[in-house]
There are 2 protein chains.
Amino acid sequence: MGKPYSVLVVDDHPLLRRGICQLITSDGDFTLFGEAGTGLDALTALSDNEPDIILLDLNMKGMSGLDTLNAMRQEGVTARIVILTVSDAKQDVIRLLRAGADGYLLKDTEPELLLEQLKKAMLGHRVISEEVEAYMYELKNATDDNQWIESLTPRELQILQELAEGKSNRVISEDLHISEGTVKVHVKNLLRKANAKSRTEMAVRYLNQ
Amino acid sequence: MGKPYSVLVVDDHPLLRRGICQLITSDGDFTLFGEAGTGLDALTALSDNEPDIILLDLNMKGMSGLDTLNAMRQEGVTARIVILTVSDAKQDVIRLLRAGADGYLLKDTEPELLLEQLKKAMLGHRVISEEVEAYMYELKNATDDNQWIESLTPRELQILQELAEGKSNRVISEDLHISEGTVKVHVKNLLRKANAKSRTEMAVRYLNQ
DNA sequence: ATAACTATACTCCTAAAGGGGTATTTTTTG
DNA sequence: CAAAAAATACCCCTTTAGGAGTATAGTTAT
């Protein structure tokens, strides 16, 4: 076999980072390229040379995992980027894979399985945890369930947020200093875009992202 | 100094467990009592003898952290039980501390600080991460914002859950095979108990627990 | 610059939601 | 067993929500 794969571990939880790093170094096929506690630290670590694999957490303070991934691809980073997270939210999976992640693994993956998956990723496979694989067909069939949120104008989003706090049209109109009728127009348009039958249904869908 | 404190680590993420265990064993003041990946495993591990400290995760598969804590206290476990979790949700903090947790720490705590906190916990202090300390006054002032949910009848809760999926009174009545009028009565009573002005407000409050 | 989009504000109308009351049946509980 | 609570269903009535249409001023993109 050739030389071991180098890995950069990016996670804002020191404890988990320690566990991952220990796992990496305990296997002869991998070496630790470095570790970073924030997305910015990770980008700095990549300024000189690159590892073979970047293990990236989502839900980090400051720069999110998605932002970090985008920034890395922008910088021309060619390393395999594998997401390692607790979130199995459909929205996250779809967004990250669309953004060019080479894998999406969950943090409750068994250590041995994780190493296997990383080796597979180096062979050019896209590695996905079983639990989230179900979302893959949605990635192909496109039209993300919450794609409608992206199509909203700033004003509509503002009104949706007020609505999703349980406020009535009248209260929203007073908050925003516009007529109740205008709020109703916005709500009408929101309902059409969300393809929802009532404001409550729309609020629920919005809150569940 | 006396003999080291023994620690039981309960977490369903093998990677994180590895990180924690490594931290525990790297400090001379602690020894590893054992590790468990589920609440049930933890209870089994406690059948013969007890550690000094139990580090307990929330959000575990199967038995939740809260259930595990309750079961342990039921079994007469006297070890210091410290919650170690990612969730800083107000509801979780309040529930766990009420259930008798001796500490509530977040997983992004620095390793050194975590060890310090565990030593403090052994001295009889209740250790709380700074980020969640703000919820402490709410614990004293009692009357949990969502206490109203506890006062609901089974039928009312069922209707609230349907309502919180965005369904209309008519749809709910069809789902439950009762008249729309009856649903309206239940909703009316729910609004009174929740002290909410509209079904949307109530749905939002329910979803935010 | 002209077309498209956004935000604003009406009108008229229908449907749904919500508040008050009364009443019957069933279930639970003391 | 009797009282209380829960679930059912209806009445009448007011308020809120939502659908369709028209219109106008300002902004943005082509």
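Chain letters run A, B, ... following the sequence lines, proteins first and then strands; every chain starts at 1. Only this structure's heavy atoms are used, side chains among them; waters, hydrogens and symmetry mates stay out. As the structure is a prediction and not an experimental result, all values here were calculated from the model.
Residue contacts shown for Ser179(A) are limited to sugar-phosphate atoms, with no base heavy atom under 4.0 Å away. Thr153(B) comes within 4.0 angstrom of sugar-phosphate atoms only, judged by non-hydrogen atoms across all strands, and of no base. Within 4.0 Å of Val185(A), counting heavy atoms only, lies at least one base atom of the nucleic acid.
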Using the rule given for side chain to side chain donor-acceptor pair (under 3.5 Å), can you reason through Gln117(B) versus Thr109(B), listing the C-alpha separation, both sets of side-chain angles and the distance that settles it, and then say yes or no?
CA-CA 10 Å; Gln117(B) 298 279 47; Thr109(B) 303; over 6 Å; no

For Val187(A) and Leu163(A), run side chain to side chain contact (heavy atoms under 4.5 Å, CB included): C-alpha distance rounded to whole Å, both residues' side-chain angles, the deciding distance at 0.1 Å, then the answer.
CA-CA 9 Å; Val187(A) 171; Leu163(A) 186 153; 4.0 Å; yes

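Counting only heavy atoms from C-beta on, Ser168(B) has its side chain closest to dA17(C) among dG18(C), dA7(C), dA17(C). The listed nucleotides are dA7(C), dA9(D), dA9(C); the one nearest the side chain of Ile178(B) is dA9(D).
In this structure a side-chain-to-backbone donor-acceptor pair under 3.5 Å is missing from Arg155(A) to Ile159(A).
Arg199(A) has a side-chain polar atom (N or O) that falls below the 4.0 Å cut-off from OP1 or OP2 of dA17(D). For the pair Asn169(B) and dA17(C), the criterion of a side-chain N or O lying under 4.0 Å from OP1 or OP2 is met. For Arg192(A), no side-chain nitrogen or oxygen approaches OP1 or OP2 of dG18(D) to under 4.0 Å.
Across the protein-nucleic acid pair, Ile172(B) atom CD1 and dA7(D) atom P stand 15 Å apart, rounded to whole Å. Protein atom CG of Asn189(A) is 10 Å distant from nucleotide atom P of dT6(C), rounded to whole Å. Atoms NE2 (His177(A)) and P (dA7(C)) sit 17 Å apart, rounded to a whole Å. Remark: P of dA15(C) and CD of Glu201(A) are 19 Å apart, rounded to the nearest angstrom.
Looking at Ser47(A) and Thr44(A), their side chains never bring a donor and an acceptor atom within 3.5 Å of each other.
Arg192(B) contributes atom CZ, which lies 12.5 Å from atom CH2 of Trp148(B) (distance to the nearest 0.5 angstrom).
No donor-acceptor contact under 3.5 Å links the side chain of Lys184(B) to the base of dG19(C). With hydrogens and angles ignored, no donor-acceptor pair closer than 3.5 Å exists between the side chain of Lys188(B) and the base of dA17(C).
In terms of position along DNA chain C, the nucleotide closest to Pro154(A) lies nearer the 5' end than the nucleotide closest to the other residue of the pair Val187(B) and Pro154(A). Toward the 5′ end of DNA chain D lies the nearest nucleotide of His186(B), the other residue of the pair His186(B) and Ser198(B) mapping further downstream.
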